[in-house]
Amino acid sequence: MTSGLVAGGFIAGASAASADEASQHQGGASATLNGLTTFDQAVLRVDGEKQEIPAGLFEMTVDGGGTLKTYCVDLHNPTQEKARYLETSWDQTSLGRNRDAGRIRWILQHSYPRVDDLVGLAKNAGTGPLTAGTAAAGTQVAIWRYSDDAQVQALDPAAEKLADWLEKEAENIAEPGASLSLLPGAVSGPAGTRIGPVTVRTDADRVTVTPPADAAASGIRITDAKGTPVASAADGSRLYVDVPAGAAAGSAALTVQATTSVPVGRVFAGVTKSQTQILAGSSQSTVSATATATWAASGAIPALSARKNCAEGRVDVTATNKGDAPFTFELLGATYTVEAGGTRTVSVPVGEDQAYEFTLTGPDGFLKTFGGILDCRTTGSTAVAMAGPQGSQPSPLSAGGTSAGPGDPADGPDLAETGASGATPMIAGIALAMLVVGGVVVLLLRKKKDPGAED
């Protein structure tokens, strides 16, 4: 089992992968999950068994400032305590394969908290009186029916009517754009030229452009196409990294930042394995994006990027060579060549829910590491994964869930109950059984080699 987990250069643990996930981030907000804050109860049916679970809104704190409200779109997976999340496009999550993803966005735009007039919402849906907790529960239940194809009902009658109304009325609408991104995320070119362009995509009015830390000393400037230095940009702006002639071979990062409201419907994926979330509301929040530029006087000048490909269950590594000589690199034991002026994409198969880390190496000590976790599907679990009574104590996979919803006791339902933590006893039992079997095998082998061994 161990050799299978690390075969092909992959690292089974998530800790190494999490350190490199940010390097693949396309831009936007990054945040930390605080827990389930506004909720009521729902009943989930799996394989004929019922489980009462909390359903409602999560809260996240944005790096650099800001707060996000999110719903879960990954019912059968647990959350991790204080999990780190990155704003992500739908195609890098389970929503990319979900034909009803647009209906989920419609629900978000037509229900709580985007619609905070609970009296008006109740009237439109014909539910009877709603509280923040029951409105959040009804909204989450409707989302789960589309995100996980779940058989789930809200326990409160008004919340259940809201869920039914939202499910019935929902229409497919398009995915929202990123709050902020730079495309492409990596560029290259000869020293003495303007390297780029890198295009800004944002819903903010303006973004601040930050040059590399040593820009003044190195003579590197961030400019427009005409070579005019820029300190701010807008959606559609094309930025260049102006590298002086004679500069030693190297690379630098271009960063843009803004304060804006993240669009409702943006997905947030865990850096480590944790429930995928979808944005329901945002305060003014700090968002950022970074692109790298690489240059040299001559020879191969590569730019490398990686992107999860959920549709194919793989990570696509793209190498572009803007130099005047071929760029040859090795990845997972295979050698590839990108001709001068060419581009090549190498696909690396990765198992679902598998943490990965692989390093691309090239001449003169060149190396680039990519890591993360491929979380592209909602796991259709059996009833065992959701079984067991609700516990008042957080499980190891819980993100807390200590904030009570309206009318709920302070030690409200454990957040992990929205995930698969109920399988822990079974996993432990299997592990113990394997350990016992392994011990018996070792004992028998020793006896076979030493017939004189005592009983």
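Residue numbers count from 1 along this sequence.
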Ignoring hydrogens and geometry, is there a side-chain-to-backbone donor-acceptor pair from [X] to [Y] under 3.5 Å?
X	Y	answer
T193	P190	yes
Q140	C72	yes
K273	A355	no
D224	T228	yes
D375	T276	no
R314	K308	no
E160	P157	no
E352	R377	yes
D156	T134	no
D148	A150	no

Give, for atom [atom1] of [X] and atom [atom2] of [Y], the distance between the pair rounded to the nearest 0.5 Å.
X	Y	atom1	atom2	answer
L86	F268	CG	CZ	8.5 Å
K322	F327	NZ	CZ	14.5 Å
R201	L180	CZ	CG	11.5 Å
T139	I104	OG1	CD1	12.5 Å
Y146	L95	OH	CG	14.0 Å
L182	T199	CG	OG1	8.5 Å

For [X] and [Y], work out which heavy atoms get closest and say how close.
X	Y	value
T223	R194	OG1-CD, 3.3 Å
L118	T131	CD1-C, 3.6 Å
T88	A269	OG1-CB, 3.6 Å
S111	L121	OG-CD2, 3.9 Å
H110	V115	C-CG2, 3.6 Å
A280	L108	CB-CD2, 3.9 Å

By side chain to side chain contact (heavy atoms under 4.5 Å, CB included) - contacts of [X] (at least two apart):
X	answer
K161	T127
P197	R238, Y240
S283	T67, S285

**Request:** Determine, step by step, whether I222 and V241 satisfy the side-chain contact (heavy atoms from CB on, under 4.5 Å) criterion, reporting the C-alpha distance in whole Å, the side-chain angles of both residues, the deciding distance to 0.1 Å, and the verdict.
**Result:** CA-CA 5 Å; I222 308 302; V241 180; 4.0 Å; yes
**Prompt:** Which is it for K368 and L304 under the side-chain contact (heavy atoms from CB on, under 4.5 Å) test, yes or no, and what are the steps along the way?
**Reply:** CA-CA 8 Å; K368 177 70 174 179; L304 298 168; 3.8 Å; yes
Do the side chains of [Y] and [X] get nearer than 4.5 Å, heavy atoms only?
X	Y	value
Y85	Q275	yes
V348	L332	yes
P263	S179	yes
L57	T70	no
L360	F366	yes
P302	F329	no
V315	N309	no
V198	V187	yes

**Item:** Salt bridge flag under 4.0 Å for residues R266 and E175
**Value:**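 Counted as a salt bridge, because a side-chain N and a carboxylate O are separated by less than 4.0 Å.
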**Request:** Considering only NZ, NE, NH1 and NH2 on the basic side and carboxylate oxygens on the acidic side, decide whether R84 and D63 come within less than 4.0 Å.
**Result:**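 Yes, R84 and D63 are salt-bridged.
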**Residues in ring-ring contact (aromatic ring centres under 6.0 Å, His included) contact with Y71, at least two apart in sequence or another chain** = none
Just wondering, are more than 12 heavy atoms of other shown residues or ligands nearer than 6.0 Å to [atom1] in [X]?
X	atom1	result
D149	CG	no
Q284	CD	yes
N172	CG	yes

**Message:** Could you walk me through whether I53 and W144 satisfy the side-chain contact (heavy atoms from CB on, under 4.5 Å) test, starting with their C-alpha distance in whole Å, then the side-chain angles of each, then the deciding distance to 0.1 Å, before giving a yes or no?
**Reply:** CA-CA 12 Å; I53 58 175; W144 276 335; 3.7 Å; yes
**Request:** Please report the C-alpha distance between S347 and D316 in whole Å, then the side-chain angles of each, then the deciding distance to 0.1 Å, and finally whether the side chain to side chain donor-acceptor pair (under 3.5 Å) criterion is met.
**Result:** CA-CA 4 Å; S347 297; D316 293 330; 2.8 Å; yes
Extract all donor-acceptor atom pairs below 3.5 Å that involve side chains of residues 243-261 and protein atoms in other chains or at least two apart in sequence.
| unit_1 | atom_1 | unit_2 | atom_2 | d |
| --- | --- | --- | --- | --- |
| T255 | OG1 | T290 | OG1 | 3.3 |
| S261 | OG | S282 | O | 3.4 |

**Request:** Start with the C-alpha distance between V46 and H76, add both sets of side-chain angles, then the distance that settles side-chain contact (heavy atoms from CB on, under 4.5 Å), and finish with yes or no.
**Result:** CA-CA 11 Å; V46 181; H76 295 285; 4.0 Å; yes
**Request:** Apply the side-chain hydrogen bond (donor to acceptor under 3.5 Å, both in side chains) test between R307 and each candidate in T345, T318, D91; give the one that qualifies.
**Result:**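 Checked T345, T318, D91 against R307; only one passes side-chain hydrogen bond (donor to acceptor under 3.5 Å, both in side chains): D91.
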**Request:** Enumerate the residue pairs fulfilling salt bridge (charged side-chain N to carboxylate O under 4.0 Å, His left out) with a member in residues 105-125, sequence neighbours excluded, ordered by first and then second residue.
**Result:** none
**Item:** Between F58 and F39, ring centroids under 6.0 Å
**Value:** no
**Request:** Return yes if a side-chain donor-acceptor contact under 3.5 Å exists between N34 and T61, otherwise no.
**Result:** yes
**Request:** Walk me through it: do T359 and T369 pass the test side chain to side chain donor-acceptor pair (under 3.5 Å)?
**Result:** CA-CA 4 Å; T359 299; T369 298; 2.8 Å; yes
